[in-house]
Undergrad: 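Before I ask anything, here is the structure I am working with.
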Amino acid sequence: MTGTLRVAMIGYGFMGAAHSQAWRTAPRVFDLPNDIEMAVIVGRNPEAVADAAAKWGWQESATDWRDVVTRDDIDIIDIVTPGHSHHEIAIAALEAGKHVLCEKPLANSGGDAEAMAEAARSSSAKAMLGFTYRRVPALTRARDLIAQGAVGTVQQVRAAYRQDWLVDPEAPLSWRLQKDLAGHGALGDIGAHAIDLVQFLTGLSVEKVSGVIDTIVKERPVETERVGIAGKGGDEKAPVTVDDVAIFTGRLENGALAAFEATRFATGRKNELSVEISGDKGAIAFNLESLNELQVYDRTADELSQGFTRVLVTEPGHPYLEGWWPTGHMLGYEHAFSHQVKDFIDAIANDTTPTPTFDDGVQVQRVLDAVEASSNDDSRWVQI
């Protein structure tokens with residue numbers, strides 16, 4: 001497929017900023033097979049979305065996503081709205097023949113996720129899920145090393161995503177803290193990343209889980225205009241209806257055990273996504289707060305020389321680095337979103353299946369739902 005691809009993005013919050021930067025930057029850094037036009041950005045507030053369009057470089061703004069997804073001059077729909085709306089937007093876009101990039105998690109329920117995956121399988125258009133951390137060069141490199149046998153047989157995994165932005169009990173209620181909008185709390189918002197990364201790095205699915213989730217702060221001050229709770233405001237508070245922390249164990253398909261944690265109450269941890277894969281020949285560890293680095297351990301080396309080695313993943317031959325800076329010049333959080341755009345456009349042009357797929361998203365959603373079911377049933381093991 002050649003020619004210009006025109007993009008419409010639905011939503012304009014935090015992820016809207018990250019995706020906008022990627023759509024603007026990727027065509028200038030990588031030799032993409034198609035030209036990209038940032039055609040229209042969509043949001044409910046006409047003034048706010050117009051401001052976002054001007055700030056981030058979109059040609060126009062709109063308030064009706066249903067009209068935009070059927071426009072003949074739009075080729076790609078990028079969904080960065082809260083999870084409760086993914087289902088309706090994605091299916092409408094796919095039925096209209098538009099390629100779809102959808103932020104994670106895929107949906108707020110297993111049923112909605114399954115319907116989205118079925119729509120993707122039935123459409124001639126491409127559909128891709130935005131588990132963007134897969135495209136951090138160090139993590140893509142870690143996946144490749146593990147596939148090449150660097151750790152041998154995977155025996156144990158530890159994965160955690162820790163933040164502390166909700167430690168203050170006076171932090172206001174937002175859509176991320178309402179189950180009808182967000183689906184899950186820390187479990188689905190950041191725990192989904194840990195689950196996907198473990199499966200991406202090892203090539204092994206989580207087959208069953210046992211865990212517990214908890215809500216530490218039960219109610220929070222209401223921001224009426226953001227949350228949309230009629231009659232609330234001022235000093236009033238409303239319930240938090242999602243989890244603040246989730247801790248669970250998973251059994252991988254090869255029998256290995258995986259320990260997972262997702263929390264917004266890890267005081268002092270700002271954005272620590274850490275994963276460590278241990279095997280009979282070695283181990284690989286990563287921490288997002290040092291996102292250009294891998295820690296690699298080779299158990300087959302001379303025992304007097306063994307130890308974790310810091311590998312700086314900034315060489316021209318490392319994943320995605322051909323478009324960026326000389327060796328040793330660091331990349332940041334936003335670069336992975338440009339890599340995501342590159343891979344998505346390449347898949348469209350080459351008529352290949354972009355990953356992660358919506359089916360991958362269904363599998364992660366099943367794990368999330370199983371963790372919640374386990375917590376509700378005295379932490380019993382739940383099969384995925």
Side-chain angles (χ1 to χ4, degrees), residues 1-27 32 34-108 112-113 115-130 132 175 181-182 225-226 228 337-338 340-341 344-345 347-349 354 358 361:
M1 182 178 183
T2 59
T4 299
L5 293 173
R6 289 174 52 83
V7 183
M9 187 172 72
I10 318 298
Y12 60 96
F14 165 41
M15 279 296 102
H19 282 233
S20 295
Q21 192 274 347
W23 287 115
R24 185 172 60 249
T25 302
L32 299 184
N34 300 87
D35 292 331
I36 301 298
E37 286 188 13
M38 297 167 62
V40 57
I41 183 173
V42 184
R44 291 178 296 180
N45 183 311
E47 292 80 16
V49 74
D51 288 345
K55 180 177 182 179
W56 296 332
W58 295 88
Q59 295 174 0
E60 62 175 293
S61 62
T63 57
D64 186 350
W65 67 261
R66 292 175 179 83
D67 174 64
V68 169
V69 300
T70 59
R71 280 173 44 169
D72 292 336
D73 64 337
I74 298 299
D75 303 292
I76 295 172
I77 300 295
D78 185 4
I79 303 170
V80 295
T81 56
H84 74 292
S85 61
H86 290 182
H87 167 261
E88 185 179 8
I89 299 171
I91 291 177
L94 288 166
E95 289 178 346
K98 312 302 183 184
H99 306 296
V100 173
L101 173 60
C102 182
E103 257 302 319
K104 65 83 218 166
L106 186 59
N108 282 4
D112 283 354
M116 292 171 70
E118 176 57 33
R121 289 191 294 269
S122 300
S123 176
S124 60
K126 304 299 182 184
M128 181 169 139
L129 182 59
T132 314
W175 70 265
L181 299 179
E225 63 180 45
R226 289 186 62 191
F337 291 90
S338 292
Q340 178 171 264
V341 165
F344 191 43
I345 299 304
I348 292 171
F358 279 16

Undergrad: Output the distance between atom NE2 (His87) and atom CG (Leu106), rounded to the nearest 0.5 Å.
TA: 9.5 Å
Undergrad: Measure across Cys102 and Met116 and return the closest heavy-atom pair with its distance rounded to 0.1 Å.
TA: SG-CE, 4.1 Å
Undergrad: Has Thr70 got a side-chain atom pairing as donor or acceptor with Asp67's backbone, closer than 3.5 angstrom?
TA: yes
Undergrad: Verify, without hydrogens or angle tests, whether Ser122 (side chain) and Ala119 (backbone) share a donor-acceptor contact under 3.5 angstrom.
TA: no
Undergrad: Do Gln340 and Thr132 pair up side chain to side chain, a donor and an acceptor below 3.5 Å, judged on atom types alone?
TA: yes
Undergrad: Between Val341 and Ala26, what is the shortest heavy-atom contact and its length?
TA: CG1-CB, 3.6 Å
Undergrad: Does Tyr12 reach the side chain of Asp51, with side-chain heavy atoms less than 4.5 Å apart?
TA: no
Undergrad: How long is the gap from NZ on Lys98 to CG on Asp78, to the nearest 0.5 Å?
TA: 14.5 Å
Undergrad: Do other residues, nucleotides or ligands put more than 12 heavy atoms under 6.0 Å from the CG atom of Asp64?
TA: yes
Undergrad: Where do Val100 and Phe358 come nearest, in terms of heavy atoms and distance?
TA: CG1-CZ, 4.0 Å
Undergrad: State the CD1-CG distance between Ile10 and Leu101, to the nearest 0.5 angstrom.
TA: 12.0 Å
Undergrad: Do side-chain atoms of Lys126 reach the backbone of Ile76 as a donor and acceptor pair under 3.5 angstrom?
TA: no
Undergrad: Say you draw a straight line from NE2 of His84 to CG of Asn108; how long is it, rounded to the nearest 0.5 Å?
TA: 8.0 Å
Undergrad: For Ala349 and Asn34, work out which heavy atoms get closest and say how close.
TA: CB-OD1, 3.6 Å
Undergrad: So, does Ser123 use its side chain to make a donor-acceptor pair with the main chain of Leu94 at under 3.5 Å?
TA: yes
Undergrad: Which pair of heavy atoms, one from Ala52 and one from Trp58, lies closest together, and at what distance?
TA: O-CD1, 4.5 Å
Undergrad: Can you check whether Trp65 reaches Glu88 side chain to side chain, under 4.5 Å on heavy atoms?
TA: yes
Undergrad: Does His86 reach the main-chain N or O of Thr81 with its side chain, forming a donor-acceptor pair under 3.5 Å?
TA: yes
Undergrad: When rounded to the nearest 0.5 angstrom, what is the spacing between OG1 in Thr4 and CG in Asp73?
TA: 12.0 Å
Undergrad: How far apart are the closest heavy atoms of Ala50 and Ser61, and which atoms are they?
TA: CA-OG, 3.6 Å
Undergrad: Under a 4.5 Å cut-off applied to non-hydrogen side-chain atoms, are Val7 and Met38 in contact?
TA: no
Undergrad: Kindly compute the distance separating CE (Met9) from CD1 (Ile77), expressed to the nearest 0.5 Å.
TA: 11.5 Å
